[in-house]
2 protein chains.
Amino acid sequence: MRRLVARNKAGTEPRVPLSRERVLRAAVAIADEGGLRALTMRRLAEEVGAEAMSLYYHVANKDEVLDGIADAVVEEINEVVGRIDVPSRGDAWKAAVRRRILSAREVLLRHPWAPGVFESRTAMSPAVLRYHDGLIGLMRDGGFSNDLCHHALHALGSRALGFSQELFDPGSGGGDDTAALEGMAAELPHLVGMFMEVAHDDPDSTLGWCDDQTEFEFGLDVILDGLDRLRAQD
Amino acid sequence: MRRLVARNKAGTEPRVPLSRERVLRAAVAIADEGGLRALTMRRLAEEVGAEAMSLYYHVANKDEVLDGIADAVVEEINEVVGRIDVPSRGDAWKAAVRRRILSAREVLLRHPWAPGVFESRTAMSPAVLRYHDGLIGLMRDGGFSNDLCHHALHALGSRALGFSQELFDPGSGGGDDTAALEGMAAELPHLVGMFMEVAHDDPDSTLGWCDDQTEFEFGLDVILDGLDRLRAQD
DNA sequence: ACCTGAACACCGTTCAAGT
DNA sequence: ACCTGAACACCGTTCAAGT
């Protein structure tokens, strides 16, 4: 909407020169506001007060922009988790890891387009490596062997960065009714049965709709508890 | 490359008419062969021996094509897992779920573009619902409460369909050397330490490169074991 | 009913040219 | 050194027109 740098008439503003940094910041802003589809080179140029072709002086191509904004988000995560100061020795490892992952998730919730970008990248950027290095450090504090750390990273997968799926449109798909579900009971007996019971036990959940945060934490804890059991048996 | 229907000169071939079914099958073939980027409406038309605009008579737009091929893959999974006939009562639930998920994974390995498409869809297609209905059935056989089934689906997440990440370029990133890792030891002490040890214990792993299948199964088992413990405590 | 040609608005990107 | 205009090859999609 508003340009970061207004076209200066009669040179009132110092005319901040373009830079890779400024281009990437604008790209993040565009994606935050309008999603990944809104992020085009032409739109990005507009946001930054230049012509599309000027961007190519600071970034090689659009792929580099995508790499750049993915990296920027992980850097933001690293900053946030870097400020966490909790014990992690012995049994405390689990709470420390949990805290770190949930903090990463909070950052990600501000950039819901990020997981989609991560997926298409090799995900071996320095920032991602540093993030995982920190995670391994916490698990080592908990007495994990390096081998178990290695498996644990794979087990956590994208969950380590605070997401696994959904994260998107938290409010969508709301309007469905119990009646519609009952009509499907013949083909999907188990699924309908499950949802009917869950909805009955928790009536204010707009039927079958779930608290993403709760579910995320449940899945996370299942894995963490499993790893904790493995660590105990050396 | 080769057209499914050759342009018939002098009407030698019966000229199979276009159909949504045929369009989607061709779309899957293109994505299998050249990845998602290769799947354009124009390329799809070529593959099917027609002009791009003809496609719009059978599908509303490209989004419907993407929905269609995502659905086609899940249908293929449903066919495969539908032929599985193993016990699932009581303790057997875990082996049955494991088998089902690993079978789904085999299908997915033939369509490595599929996870990327799933992510952008709402993933509530009839085929996906049927797949999860079957999963719930197995867990119910194992004595899961509906509530635990519900949590379990969230915990498994995309792993239920046989993937979580990677799955892509299984051979990439090979050439790195131990020396490069040692150079990063100052910034990434835990990560480098872990990889050095893992590489030492398993020298033929091209350093730090992992058997995706093994890691997938490890992560899967961590979660399954965790759920098993929850089920035991009612 | 099914298919197509021409056309539109939009991409990412190049290249030679401006300051 | 930094930015730009014109242009290219490619998208998805529309619409009126063909059979």
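Each chain gets a letter, A, B and so on, in the order the sequences are listed, and its residues count up from 1.
- Annotation: ring pair (Phe, Tyr, Trp, His ring centres under 6.0 Å) contacts of A/F218 (sequence neighbours excluded): B/H151.
- The distance from atom CD of A/E46 to atom P of C/dC11 is 10 Å, rounded to the nearest whole Å.
- In this structure, the side-chain contact (heavy atoms from CB on, under 4.5 Å) partners of A/M53, at least two apart in sequence or on a different chain, are A/E51.
- Qualifying side chain to side chain donor-acceptor pair (under 3.5 Å) partners for B/E21, counting only residues two or more places apart in sequence or in other chains: B/R25.
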For DNA chain D, the dot-bracket pattern of Watson-Crick and G-U pairs whose distances stay under 3.5 Å, | for other-strand partners = ||.|||||...|||||.||
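- In this structure, A/L44 places its CG atom 18 Å from P of C/dC10, rounding to the nearest Å.
- By the salt bridge (charged side-chain N to carboxylate O under 4.0 Å, His left out) test, B/D32 is found to be paired with no residue, residues two or more places apart in sequence or in another chain being considered.
- Residues passing the side-chain contact (heavy atoms from CB on, under 4.5 Å) test with A/E64 are A/R20, A/V59, A/A60, A/N61, sequence neighbours excluded.
- The nearest whole Å value for the distance from the CZ atom in A/R20 to the P atom in D/dC2 is 15 Å.
- Annotation: of the two residues near DNA chain D, A/Y57 and A/E51, the 5′-most nearest-nucleotide partner is A/Y57.
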What protein N or O atoms touch nucleotides 12-15 of chain C N or O atoms at under 3.5 angstrom, if any, and at what distances?
from   : atom 1 : to    : atom 2 : distance (Å)
C/dG12 : OP1    : A/M41 : N      : 3.4
C/dG12 : OP1    : A/K62 : NZ     : 2.9
C/dG12 : OP2    : A/M41 : N      : 3.0
C/dG12 : N7     : A/R42 : NH1    : 2.5
C/dG12 : O6     : A/R42 : NH2    : 3.0
C/dT13 : OP2    : A/Y56 : OH     : 3.1
C/dT13 : OP2    : A/K62 : N      : 2.8

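- Taking B/R42 as the reference, nothing meets the side chain to side chain donor-acceptor pair (under 3.5 Å) condition, with sequence neighbours excluded.
- Shown here are the side chain to side chain donor-acceptor pair (under 3.5 Å) partners of B/T40, two or more places apart in sequence or in another chain: there are none.
- B/L36 places a side-chain heavy atom less than 4.5 Å from the side chain of B/L66.
- The CZ atom of B/R37 sits 16 Å away from the P atom of C/dC11 (whole-angstrom rounding).
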